[in-house]
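Worth knowing before you read on, the calculation uses all heavy atoms, side chains too, and leaves out hydrogens, waters and symmetry mates.
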There are 2 protein chains.
Amino acid sequence: MSRSSGGKVRGTGRTTLEEVAAHAGVSTMTASRALSQPQLVSEATRTKVELAVVELGYVPNRAARALASAQSRVIVALVPSLSNVVFTAVLDGIHDAIEHGQYQLLIGNTRYSDAEEEKLLLTYLQSNPDGILLSGLTHSPQVERMLAASRMPVVSMMDLADDPGELSVGFSQHDAGNAITRHLIERGYKRIAFVGAQLDERTLRRADGYREAMQAAGLADPKLEIMVPDPSTIALGAELMRHALDTLPDCDAVFFCNDDLAHGAIYYCQRHDIRVPQDVAIAGFNDLPASAWMVPSLTTIDTPRYRIGYEAASLLLDVIGGKEPRERRIDLGFTLREREST
Amino acid sequence: MSRSSGGKVRGTGRTTLEEVAAHAGVSTMTASRALSQPQLVSEATRTKVELAVVELGYVPNRAARALASAQSRVIVALVPSLSNVVFTAVLDGIHDAIEHGQYQLLIGNTRYSDAEEEKLLLTYLQSNPDGILLSGLTHSPQVERMLAASRMPVVSMMDLADDPGELSVGFSQHDAGNAITRHLIERGYKRIAFVGAQLDERTLRRADGYREAMQAAGLADPKLEIMVPDPSTIALGAELMRHALDTLPDCDAVFFCNDDLAHGAIYYCQRHDIRVPQDVAIAGFNDLPASAWMVPSLTTIDTPRYRIGYEAASLLLDVIGGKEPRERRIDLGFTLREREST
DNA sequence: CTGAAAGCGCTTACAG
DNA sequence: CTGAAAGCGCTTACAG
């Protein structure tokens, strides 16, 4: 009954391919082939091996395979946060795009920190990944160096790379920030504030898009930009709304760099009987599920975060597989959702 | 300049420990010890090896280490969803509890499916994990069998195991559902509906708690239970609120099995001028960030999801490390948040 | 404190 | 279609 250790000192004690082969009456390498390249083996042999696998409850040892084949079948994904639904949606997409039988996903949370990203990369390099998915376009010189030295394919997610050789999947954060600002300008708002938190590269690019639109309309004013490094939360959004109304009494619209903040602002206005959009218009970014439902519903930018993950992982898998990608820079676009809050 | 392949046919082409050892003028095994058990090596040797590591840019090969040591240093976590913030918070906690230099986390999304869970487990078993974190208490017989056969430590997350030998971290879903129902009863509501979606084991246990409280108060009525298998969303919450009001005209309170649904219900009432709680009271479950901010604020159960992940991973690490856990069943509790909606 | 040898469990050319 | 041998890059007892 017990396939026990039988005096063996090392190893995991699990059934090995060698035992499967012996049980099936073939050589180890034939057993190996029967499992990984069944078309190279006679049907009779394959059946014998498959039977032995079932009877012995054989589970392949991934470490041994990785070592022998020099192929890890590991993909690394680094995201700046695991509490931000934008990035968990990206991970969900990556997850779905990866055939789990083949590839294994290693997830790292960089916490918006270059140092953390470096540390994670160094750790994950030990797994000799076949490729890596990175959030954003800008990384520390050390990270760039490690990536270059490793020679593995890298796909950047969220924004579009300037360098056409670089692999990237996302949309133009700049253009999206620009588009929603132009929407507010077209609506007739003049004193449009921008509120940014976290100040990661995406927020800064959205701010660039905002600034450009304001300048083009002759409405630019540095006083209208409120920037804080704190993480975005509903509570912070409420606080920054209050701050904006206090310090900018003539402000007639606020573009928040994401929906979390904008939701806080809308709740704040509801509680203080500030009419949105009559007293002040509010716009967000990302189109979280609640945005279409709250009262008033929130004008925002719908972003393809799940698809970014899905397409980025698919692109990476293609490149790893040696396929020439149709595009190295996949623009998934964004959609302006005009709603009641503006 | 180039540490090139030099005729080697196999392998990754990366610097090996053997090369580091040669560079440092010591044996491979001394180099190995200098890195993994530095206290067993003289300071001079350690320095030489560390220098060689830096000069050659050595990165250990995890697969080789796993194979030689029969220790994968891999932990698997299986969750039913990657779009539900409850489970992404759990993963966030797990992530933070694992020292990344040592252990690697493999995440699986079972999509609330037993078959998927089985498939993932089978795949992840190939990595010979040191331990596994599972969501929920009930699993398919196949999964139970595979787990038993693998003999690896398992920690169940979210609810508390009945069997005192089983490792579990969470809180009593039953008691929490019971507590919020009793709160509604104490407030004087009589026709209290329960709305459950997804119908996973946690929802069913919350429903049990609800039913028990209703029976104890002599208020039980099967008509008050609305159960649908669809995933919980804000849109579904709005729809089920409408349905409840339509089919149960005398209903004076609704306990939704989670905040996502309850938020949809509150937005629905806002849009249709249904006063909450005067016309109908609404309660949720999980205390999502928006719940304290929306108008009216939502009465709900605050659940320690991040801590569940953190403590479950810590417990698993302890057991893997051979430590006897203080408790095998860690009750992290829950908190009733009484707010404006009831 | 240090080392020579064997072994972990697979896959890879190379033959036949 | 099948097999004997070598090797992937580490760590593990066992000596000294």
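- Atoms CZ (B:R62) and C1' (D:dC8) sit 17 Å apart, rounded to a whole Å.
- Heavy-atom contacts from other residues, nucleotides or ligands closer than 6.0 Å to CZ of B:R65 number 12 or fewer.
- Look at CD on B:Q126: it is 12 Å from C1' on C:dC10, rounded to the nearest Å.
- With respect to A:M152, the side chain to side chain contact (heavy atoms under 4.5 Å, CB included) criterion is satisfied by exactly one of A:L125, A:N128, A:I320: A:L125.
- Residue A:S27 places none of its side-chain N or O atoms closer than 4.0 Å to OP1 or OP2 of D:dA4.
- Checking D:dC10, C:dG9, C:dC1 against every side-chain atom of B:Y58, the shortest atom distance belongs to D:dC10.
- Residues that satisfy the side-chain contact (heavy atoms from CB on, under 4.5 Å) test with A:S32, not counting sequence neighbours, are A:L17, A:S36.
- Of the listed nucleotides (D:dC1, C:dC10, C:dT2), C:dT2 has the atom at the smallest distance from the side chain of B:S42.
- Heavy-atom distances under 4.0 Å link DNA chain C to A:M29, A:S32 of residues 29-41 of chain A, given in residue order.
- With sequence neighbours excluded, the residues satisfying side-chain contact (heavy atoms from CB on, under 4.5 Å) with A:P304 are A:F171, A:R307, A:I308, A:L332.
- With a 4.5 Å cut-off on side-chain heavy atoms, A:T16 and A:E19 count as touching.
- Put simply, CD on A:E43 is 17 Å from C1' on D:dT2, counting in whole angstrom units.
- More than 12 non-hydrogen atoms from other residues, nucleotides or ligands lie less than 6.0 angstrom from CD of B:E327.
- Scored by the side-chain contact (heavy atoms from CB on, under 4.5 Å) test, B:E118 finds B:S140, B:Q142, B:V143, B:M146 as partners (sequence neighbours excluded).
- No more than 12 heavy atoms of other residues, nucleotides or ligands shown are found within 6.0 angstrom of CD on B:E18.
- Computed from coordinates, the B:L67 CG to C:dT11 C1' distance equals 12 Å when rounded to whole Å.
- Dashed line: the shortest gap from a side-chain N or O of B:T28 to OP1 or OP2 of C:dG3 is not under 4.0 Å.
- Protein atom CG of B:N61 is 14 Å distant from nucleotide atom C1' of C:dG9, rounded to whole Å.
- Note: CZ (A:R14) to P (C:dG9) measures 9 Å, nearest angstrom.
- Applying the ring pair (Phe, Tyr, Trp, His ring centres under 6.0 Å) rule to A:H95 yields the partners A:H100; only residues at least two apart in sequence or on another chain are considered.
- Between A:T45 and D:dC1, a side-chain N or O to OP1/OP2 separation shorter than 4.0 Å is absent.
- The side chain of A:A64 approaches C:dG9 more closely than any other nucleotide in the set D:dA4, C:dG3, C:dG9.
- Across the protein-nucleic acid pair, A:Q71 atom CD and D:dG7 atom P stand 21 Å apart, rounded to whole Å.
- Regarding A:E19, its CD atom lies at a distance of 13 Å from the C1' atom of C:dC10, rounded to whole Å.
- In this structure, the side chains of B:K48 and B:V41 stay at 4.5 Å or more apart for every pair of heavy atoms.
- Among C:dT2, C:dC10, D:dG9, the nucleotide with an atom closest to any side-chain atom of B:T16 is D:dG9.
- With pairs defined as Watson-Crick or G-U wobble and both atom distances under 3.5 Å, the stems of at least three pairs that touch DNA chain C come out as C:1-3 with D:14-16, C:5-12 with D:5-12, C:14-16 with D:1-3.
- Contact check, A:S69 against C:dT11: no side-chain N or O comes under 4.0 Å of OP1 or OP2.
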